[in-house]
Protein chains: 2
Amino acid sequence: MIDYNHPAFQYYQNVSEQCIHYLSIDGVIFGFHQNQLKVLLLRWKGTDEWSLPGGFILKTESVDLAAQRIIKERTGLQTLYLQQFHVFGETVRYNQEETWAKINLPIQGINWSERTISIGYYALVEYAEVVPATDFLTEECRWWSLDAIPALLFDHNHIIEVALQSLRKNVGDQPISHLLPDTFTIPELQRLYETILGHSLDARNFYKKIMAQNNLERLAERRAGTPHKAPYLYRFKVAFSER
Amino acid sequence: MIDYNHPAFQYYQNVSEQCIHYLSIDGVIFGFHQNQLKVLLLRWKGTDEWSLPGGFILKTESVDLAAQRIIKERTGLQTLYLQQFHVFGETVRYNQEETWAKINLPIQGINWSERTISIGYYALVEYAEVVPATDFLTEECRWWSLDAIPALLFDHNHIIEVALQSLRKNVGDQPISHLLPDTFTIPELQRLYETILGHSLDARNFYKKIMAQNNLERLAERRAGTPHKAPYLYRFKVAFSER
DNA sequence: TACCTTTATGTCAAAAGTACGCAAAGATGT
DNA sequence: ACATCTTTGCGTACTTTTGACATAAAGGTA
């Protein structure tokens, strides 16, 4: 049953020695593109099965840094805004047999993980700066619109759901600026809030509210090429984009 | 250096076999008494050192249930409102040598915990229903007012701080009723909000706001023995106290 | 140039939050 | 017995925030 030459076996043997058992990290990487909230997902080799990026914590590494490392590897980003949002600690989080069958790895007998407790982190990243990269177990890494996500491996649909709820609840004090390019228009910012909150907002009231916070500076430039009135470009004031 | 007959050694040997390594739970148990927010702490045998209650997760046990078990053992309560609030995952959370010296256990060589990642839970409990109970490493278990907490073992002062911030932030959707006895007066409820929020409130506006929520029912009875006008007793309506 | 859509602002009323007035209740001191 | 004091319970008025909606300017399309 176990193929001792398969790279997965060697990976898990490595992990087994150097990482903390029973514990993992799953990352929900949020991006924003074409007025839609997106999540970065991985397709496992030789399958049509997708999952969140994840990984294990080195025995010598802080949990936050492990999350940074894992997510940096998939995005190529140097700096990251990360937020721990929940620990998934049920004894049975998903149907293990079914899942192992789907990912089809010849290492099912290894005594690594009768169960795994997963610490969930979400990242807010700028879509255009991400260079999606697979790991050795996967062969495709790409963005999915939040409303088009397929049935994922493990309990990852659930994890995304909880991440989104957490983001929604804390949207007021999260640095939303990380999801946007340096310059953007007010309507674009509005679409972002709308997709996070899950409902539409009145453009006039949104404008008023955003302006009242005094976080934005308007540039002289306008967004060209729009079919209608060209909107001004804005930028977060330094103190706020650095958060 | 290691006393193989010391109960702590046997405990850790047990834990080492049956529990998940590198991972623990710490519980911040909030109670409310005499208009003060309190936390339940343990004093370690033969020392003047205090810590939060904590423990380890059985390999076969969900994290939430482990937290329940650990906190039930210290409080004697059958039902508990628990809230996971943060994972403390730094590689160096406190000065280990200093701490081991303080708790003075003859098991310092055991290779159990080079480091521990701790999942923080807070509990909201009714002060009067708690029967504090020590474990085999401690000899005193009692309530401390939040503003009189001494320097604790490990990073437990920090954990309490983070728990309080979390409670404060979420006070709006937490079932505060669990911190109060079945019946209470409006001024008592106000003191509770004041200690959680950390600032005083206007009694008249507080009354209006609470009443607008329509969660309380007023009893015919009044609180006797007060030096001034006897306040009415109230009770949370069933739908709210059951949350 | 008429027309259409979107942006950028403005107005106004409803709702929520804040400041503060005050009478009734109940204990205390004389 | 009665004035005094504090606290409770409820009310009024002002301010700030939120939400609904009007409209002119901008910029493309027919």
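Values below: all heavy atoms of this structure, side chains included; hydrogens, waters and symmetry mates excluded.
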Next item on the list: Measure the distance from CG on B:Leu189 to P on D:dT8 and round it to the nearest whole Å.
Entry: 12 Å
Check: C:dA16 P sits how many Å from B:Phe206 CZ, rounded?
Finding: 18 Å
Notebook entry, point to check: Are the side chain of B:Arg93 and the backbone N or O of B:Thr116 linked by a donor-acceptor pair below 3.5 Å?
Noted result: yes
Next item on the list: Rounded off to whole Å, could you give me the CD-to-C1' distance for the A:Glu188 and C:dT6 pair?
Entry: 13 Å
Check: Looking at DNA chain D, which of residues 227-235 of chain B put a heavy atom within less than 4.0 Å of it?
Finding: B:His228, B:Lys229, B:Pro231, B:Tyr232
Next item on the list: Please state how far atom CG in A:Leu201 lies from atom P in D:dG19, giving the value in whole angstrom units.
Entry: 9 Å
Notebook entry, point to check: Which pair of heavy atoms, one from B:Arg235 and one from B:Phe184, lies closest together, and at what distance?
Noted result: CA-CE2, 4.2 Å
Checklist line | Length of the CD1-P vector between B:Ile210 and D:dG9, whole Å | finding: 13 Å
Notebook entry, point to check: Where do B:Tyr122 and B:Phe30 come nearest, in terms of heavy atoms and distance?
Noted result: CB-CE1, 3.8 Å
Notebook entry, point to check: Contact class for B:Arg223 (heavy atom, under 4.0 Å): base, sugar-phosphate, or nothing?
Noted result: nothing
Margin query: From CD of B:Gln190 over to P of D:dG9, roughly how many Å is that when rounded to an integer?
Written below: 11 Å
Checklist line | Comparing B:Asp202 and A:Arg191 on DNA chain C - which has the more 5′ nearest nucleotide | finding: A:Arg191
Notebook entry, point to check: CZ of B:Arg204 versus P of C:dA19: gap in Å, rounded?
Noted result: 10 Å
Notebook entry, point to check: Does any N or O in the side chain of A:Arg43 come within less than 3.5 Å of the main-chain N or O of A:Glu139, such that one atom is a donor and the other an acceptor?
Noted result: no
Check: Residues two or more places apart in sequence or in another chain: which of them pass salt bridge (Lys or Arg N to Asp or Glu O under 4.0 Å) with B:Arg218?
Finding: none
Notebook entry, point to check: When every nucleotide of nucleotides 12-17 of chain D is labelled 5' to 3' by its protein contacts under 4.0 Å (heavy atoms), B for base, S for sugar-phosphate only, - for none, what sequence of letters results?
Noted result: B-----
Note to self: Given B:Tyr234, which partner from the list B:Ile186, B:Asn215, B:Thr183 fulfils the side chain to side chain contact (heavy atoms under 4.5 Å, CB included) test?
What the structure shows: B:Ile186
Checklist line | Phosphate OP1/OP2 of D:dG27: any A:Arg222 side-chain N/O under 4.0 Å | finding: yes
Next item on the list: Just call it for B:Thr185: base, sugar-phosphate, or nothing, with non-hydrogen atoms closer than 4.0 Å on any strand.
Entry: nothing
Notebook entry, point to check: Going through the checks in order, is the side chain to side chain contact (heavy atoms under 4.5 Å, CB included) test met by A:Asn214 and A:Lys237?
Noted result: CA-CA 9 Å; A:Asn214 199 31; A:Lys237 290 182 181 172; 3.1 Å; yes
Next item on the list: Scan B:Thr79, B:Leu179, B:Val130, B:Leu82 and name whichever one has a side chain to side chain contact (heavy atoms under 4.5 Å, CB included) with B:Val125.
Entry: B:Val130
Checklist line | With B:His178, the ring-ring contact (aromatic ring centres under 6.0 Å, His included) member among B:Phe236, B:Tyr81, B:Tyr127, B:Phe32 | finding: B:Tyr81
Notebook entry, point to check: Given atom CD1 of B:Ile186 and atom P of C:dA25, what is their separation to the nearest angstrom?
Noted result: 18 Å
